[in-house]
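Each remark here refers to the structure printed beneath this line.
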Amino acid sequence: MIRRVSLLFISIWLLGCSNRSIRETGLVTERAMVVSAHPLASAVGTEILKRGGNAVDAAVAVQFALAVVYPDAGNIGGGGFLVLRQKDGSTAALDYREKAPAAAHRDMYLDEKGEVIKELSLKGHLAAGVPGTVDGMVVAHQKYGSMPWAELVQPAVQLAAKGFPLTKKEAKKLNEERKDFLKYNTRRPEFILKNRWKEGDTIRMKSLALVLTQIRDRGRAGFYEGLVADSIVAEMKRGGGLITHQDLAAYHSVWRKPIVANVGEYRVISMPPPSSGGIALVQLLTISADYPLGEWEYKTAKTTHLMIEAERRVYADRAVHLGDPDFYKVPVEGLLDTAYIKRQMVGFSPGRATDSDEVSAGTPAPAESPNTTHYSIVDSQGNAVSVTTTLNSSFGAKVFVAGAGFLLNNEMDDFSVKPGAPNSYRLVGGEANAIAPGKRMLSSMTPTILEKNGKLYMVVGSMGGSTIITTVYQIILNVIAHGMPMQGAVNAGRFHHQWRPDWVLSEWGALGFGTGIRLWLMGHKIAPKVSGGIGRAAGILVRPDGRLEGGADPRGDDASAGF
Ligand code: GLY
């Protein structure tokens, strides 16, 4: 039966073919570049770099600008991860992921029979974790910033106060969310004052401008104390949420030791737990390095099969071993051990799909909407910053803090609300990622920087929930194994396997006719993923002549800018 359904899917999906060129070269600049999900945010970051700001200065300005112009995922009510590599080669990773409120508990999304209450962790006030973004930006700026804080927040204040024109895609998304905005808000949010948005309409966010002014003038205190904190807590009380003044006061982002691993001639620098991204990416690239994927060629059944089988095994590990390291002993070293990673491929057959039931997480040596958005920055000194930030789903919990005009995240759904029960990305988890007060929920965000021969080579990351890791993995392979330019590597069609459910998601045309049939004959279960595409990435590649090439994702309004 499954085979018959798969066949049906295949025939539908074979009709589609990707019209994006894998040989396209993106914007090339001499010295500095910003690639983000919105042209206005990329322009804000570039302006900061032109004024002599460094990559962290630009990252702060872009984060706040995205909170205005890209409210689906840009945020001050969410969280994220920042990975950086200084021009001297030193690295750092900042965790400003949301935390569970103190009143959260393991079974808070279950009914009296122990069943998951649909959408409770996804929509509405109870879905929100304590936001980390503002603290994260303050902390990053304190350590690495060079320009005055206020100058970095001001462009966002201006965008919110003066307004900006909506792109076609953004207008469509706001219209689609209208019903949920009405349903989940205690007061009518600004976004639905208008009935139907269209491309080119100017959208102004007066309350958000006031909140950003507080942040500009008072830094951390402008969000976690005073009027804004009062508005958040009042909103929680009206809507039955959990976040208190104490939760806000207690929120602090954390500098963590980045995941750094050598894979062939590359050094991968990425995010450690509570993201699963860095570990999973290193595992995938380490497995891939054992096979001549360049020789096997892009999009062939041989290459694609190997990649799917690697993904299946790596996501099995993710489900069992990964969670917030402040609460759960994550066996980081064991999971990154090359011998361990290779052992996970035992049972791999070049001609047959493995059933996910035959695959389980390994036993490493003990030790310790989807919507998200990524931006990549390189400044004229050669410092690089890779940031992925999120509200979780598109427009988060769909809840605006009344009078403050910003959206709250629904990051609580990234916890495993019940062992084995899939979340909105159909990811499963267990003890490592169970809810606990003050704990950070496991993430797939994979902000990454690559070095080649000791020099900065690539800055890359993506949105896309569970598909973030496979998106970043495939883009890197597109460049290092298949020789694509950065833009072509981002354009290229994507596919995804995450162990459970046991199927391969693919974009239109991503697998191609012959490969699709061959994979199906090997026993892969193939489901199409057509709407919106898989992931939305932003990459910068340092070319052999030292110039920078941007890869801005055509799946969104993303734009590269620089000089
Ligand atoms: N909210 C998506 C992630 O962090 O993986």
Side-chain angles (χ1 to χ4, degrees), residues 37 63 66 70-75 77-83 93-100 109 119 121-123 127-133 136 253-254 256 259 270-281 284 311 314-315 317-319 321-325 330 369-375 386-398 407-417 422-429 432-433 435 439-448 461-473 496 498-499 505 532 534-537:
Q63 173 83 44
L66 284 170
Y70 191 64
D72 351 17
N75 68 81
F81 299 129
L82 179 152
V83 171
L94 180 64
D95 167 4
Y96 57 99
R97 181 78 162 158
E98 303 90 327
K99 291 173 96 166
Y109 300 112
E119 299 209 326
S121 62
L122 262 183
K123 292 179 181 177
V130 184
T133 293
S253 30
V254 186
R256 301 203 186 268
I259 297 291
S270 194
M271 195 65 208
S275 182
S276 56
I279 290 177
L281 179 65
L284 287 167
E311 291 173 10
V314 165
Y315 274 80
D317 260 359
R318 181 195 188 281
H321 294 301
L322 293 174
D324 182 349
V330 180
S369 163
N371 219 312
T372 295
T373 189
H374 179 84
Y375 53 98
S386 189
V387 179
T388 313
T389 180
T390 186
L391 290 166
N392 193 20
S393 309
S394 207
F395 302 96
K398 325 284 180 188
L407 281 154
L408 287 168
N409 66 82
N410 61 341
E411 222 71 62
M412 292 296 284
D413 190 64
D414 271 350
F415 278 117
S416 169
V417 301
N423 73 358
S424 66
Y425 303 112
R426 296 177 192 265
L427 286 168
V428 289
N433 191 30
I435 303 173
K439 187 174 175 183
R440 288 172 159 95
M441 50 300 279
L442 182 62
S443 172
S444 300
M445 294 190 284
T446 315
T448 297
S462 178
M463 63 79 96
S466 59
T467 66
I468 291 174
I469 300 165
T470 43
T471 295
V472 173
Y473 163 57
H496 171 76
Q498 62 180 44
W499 178 51
L505 285 180
I534 292 177
R536 192 174 310 150

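Read the numbers this way: they start at 1 and go in the same order the structure lists the ligands and their atoms. These numbers come from the heavy atoms of this one structure, side chains and all, not from hydrogens, waters or symmetry mates.
Residues T389 and N75 bring a donor and an acceptor atom of their side chains to less than 3.5 Å of each other. Inspection of the E311 and T470 side chains reveals no N or O donor paired with an N or O acceptor under 3.5 Å. Between R97 and S275, the side chains place no donor N or O within less than 3.5 Å of an acceptor N or O (distance only, hydrogens not considered). Using modelled atom types, one finds no donor on one side chain facing an acceptor on the other under 3.5 Å when comparing S462 with H374.
The proximity of M441 to ligand 1, defined as any non-hydrogen pair under 4.0 Å, does not occur for either the backbone or the side chain.
Residues Y473 and T448 have side chains not in contact (no heavy-atom distance under 4.5 Å, counting atoms from C-beta outward).
By the 4.0 Å heavy-atom criterion, R97 is counted among the residues contacting ligand 1.
The nearest protein atom to atom 4 (O) of ligand 1, hydrogens excluded, is given as S443 OG, 2.7 Å; this is a heavy-atom distance. Residue, atom and distance of the protein heavy atom nearest to atom 5 (O) of ligand 1 are S444 N, 2.7 Å. The protein heavy-atom contact nearest to atom 3 (C) of ligand 1 is D414 OD2, 3.2 Å.
Taking a cut-off of under 4.0 Å to the non-hydrogen atoms of N392, the atoms of ligand 1 that pass are 1 (N), 2 (C).
In this structure, the separation between CG on N433 and CZ on R318 is 7.5 Å, given to the nearest 0.5 Å.
An N or O contact shorter than 3.5 Å is missing between T372 and ligand 1 by distance.
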